[in-house]
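Worksheet for the structure shown next.
What's counted below: heavy atoms across the whole structure, side chains too, no hydrogens, waters or symmetry copies. Below, chain A is the first sequence line, B the second, and so on; all start at residue 1.
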2 protein chains.
Amino acid sequence: MVILSTSKNKTKYLILGLLSEQPLSGYEIKKIVDIRFSFFWNESFGQIYPELKKLEAEGLARMLETLNEDGKQKSSKKFSITQAGQKELEKWLKEPVEKEMVRYELLLKLYFSNSISGSTMLEHIREFQIIHRKQQMIFDKFEEELNRDIDMHENHRAILMVLNFGQKVWKAYDEWCNEVISIIDQNK
Amino acid sequence: MVILSTSKNKTKYLILGLLSEQPLSGYEIKKIVDIRFSFFWNESFGQIYPELKKLEAEGLARMLETLNEDGKQKSSKKFSITQAGQKELEKWLKEPVEKEMVRYELLLKLYFSNSISGSTMLEHIREFQIIHRKQQMIFDKFEEELNRDIDMHENHRAILMVLNFGQKVWKAYDEWCNEVISIIDQNK
DNA sequence: GGCGGCATGTAAGTTGTTACATGATTAA
DNA sequence: TTAATCATGTAACAACTTACATGCCGCC
């Protein structure tokens, strides 16, 4: 039995990465991923909460005081990163990037589209285009925001690069949609 | 308890889709996915073999004769699609496309790259670029091949569109890499 | 008083990966 | 004859989703 220690479990590093910026609760982590990362990452509560527990047990994260000044229980449990956690994060950041994982159901359907009518396929592609155009508007808004208060995040420059990836790839999606739509339209 | 029947299990449809073109064995399915679909899909043996069994049990696929003319056992088990299977495939093809799923570890690392040196990040991006340039050459070769024997597959046109998706998106990757590399280089 | 958002958490199920076992055939 | 490739399969595990339970808080 060969033991391989390639760092799978990416949830761990996502959480450590976010905690390295500021203390956060599980709920806040989920919100950030949904809003800012959704175009290249996803996580569910079912992964985040257990992982936070595990990180605490391993000494990579620490739960902050859960009492208010008045002695009452706070509603949310915030976690901060420990030194060991920061070290673990940096170790992962230096490791080679594993192949991204993608699964485009649209392309699968298109590949097999012989079995259905062109107009059905057309609908699928139009739907794809609409959804991704909405995301493009979100990119624009976020980029504008970032350019306005330039020092909101110290990792401002890196965020812009990530955003730019989305912009470029989503633009490619859009152009492809236009091309494919016109091809299918001609052949109807 | 609410039962929702959105067709998850995509392996099923991938197999049905491939079988709708020609009878195939599990091994051949895996090969096709690895070679032709790898840029937008993946499957492992651990999914394919059990799924084939299930499809047969459900009457959506049928195992072909496993004896040669000389009465000896063939080494591979080929499956063909049944009428019920073809119907099931078409049903799925008409259903709305579910959101594609993507996970770019590179972007996650870039987002958190404050914690590491620019040169490490640069290496990651160069590596990403190299890997994807190799894929671009594969796209080119496959496209050329398709344009040569124009009737090799009856779904020739659809395949070209799928390929074109890869071409466009991979080009966007490449341009992004160049930009990001030059930005990081300037700031070193 | 009820609704929506905030907030934490888990149990059950599904999906997907990996390592391993096994054996046939082919090419050097 | 030995290594590679073809070929099938499964068991154990890891990852991930989903539905559900629970309760707070503010506000209309």
request  = Rounded off to whole Å, could you give me the CG-to-C1' distance for the B/L64 and D/dA7 pair?
outcome  = 16 Å
ask   = Quick one: A/N9 CG to D/dA14 P, roughly how many Å, whole number?
value = 10 Å
Distance in angstrom units between A/M101 CE and C/dG16 C1', rounded = 8 Å
request  = Establish, with yes or no, whether the OP1 or OP2 oxygen of C/dG16 is under 4.0 angstrom from a side-chain nitrogen or oxygen of B/T11.
outcome  = yes
message = Using a 4.5 Å cut-off between side-chain heavy atoms of Ile, Leu, Val, Met, Phe, Trp and Tyr, which other residues end up in the same hydrophobic cluster as B/M137?
response = none
Residues touching DNA chain C, which here means a heavy atom under 4.0 Å, drawn from residues 50-60 of chain B = none
request  = Decide yes or no for A/E43 and A/E51: does some side-chain heavy atom of the first lie under 4.5 Å from some side-chain heavy atom of the second?
outcome  = no
ask   = Short question: side chain of B/H124, backbone of B/L110 - any donor-acceptor pair under 3.5 Å?
value = no
Between D/dC16 (P) and A/L14 (CG): distance, integer Å = 11 Å
ask   = Hey, does the side chain of A/K109 reach the backbone of B/W92 with a donor-acceptor pair shorter than 3.5 angstrom?
value = yes
inquiry  = With a 4.0 Å cut-off on N to O distance, would you call A/E123 and B/K94 a salt bridge?
reply    = no
request  = Would you mind listing the cluster partners of B/Y49? Hydrophobic ones only (ILVMFWY), side-chain contacts under 4.5 Å, chaining allowed.
outcome  = B/Y27, B/F45
request  = Measure the distance from NZ on A/K10 to P on C/dG16 and round it to the nearest whole Å.
outcome  = 16 Å
request  = Indicate whether any N or O donor in one side chain lies under 3.5 Å from an N or O acceptor in the other, for A/Q129 and A/N178.
outcome  = yes
Donor on one side chain, acceptor on other, A/Q47 and A/T11, under 3.5 Å = yes
key: Separation of atom CZ in B/R103 from atom P in C/dT17, rounded to whole Å   = 12 Å
Show the distances under 3.5 angstrom between N or O atoms of the protein and N or O atoms of nucleotides 3-7 of chain C.
{"unit_1": "C/dC6", "atom_1": "OP2", "unit_2": "A/Y27", "atom_2": "OH", "d": "3.4"}

inquiry  = Please list, in numerical order, the residues of residues 37-48 of chain A that have a heavy atom closer than 4.0 Å to any atom of DNA chain D.
reply    = A/N42, A/S44, A/G46, A/Q47
note = Whole-Å distance, A/E105 CD to C/dT15 P, equals 13 Å
query = Can you name the ring pair (Phe, Tyr, Trp, His ring centres under 6.0 Å) partners of A/F128, sequence neighbours left out?
reply = A/H132, A/Y173
request  = Would you kindly give the CG-to-C1' distance between A/D34 and D/dT17, to the nearest whole Å?
outcome  = 14 Å
inquiry  = Looking at B/K141 and B/E145, is any side-chain nitrogen of the basic one under 4.0 Å from a carboxylate oxygen of the acidic one?
reply    = no
ask   = Within the distance-only criterion (no hydrogens, no angle test), does the side chain of A/D174 pair as donor or acceptor with the backbone N or O of A/R133 below 3.5 angstrom?
value = no
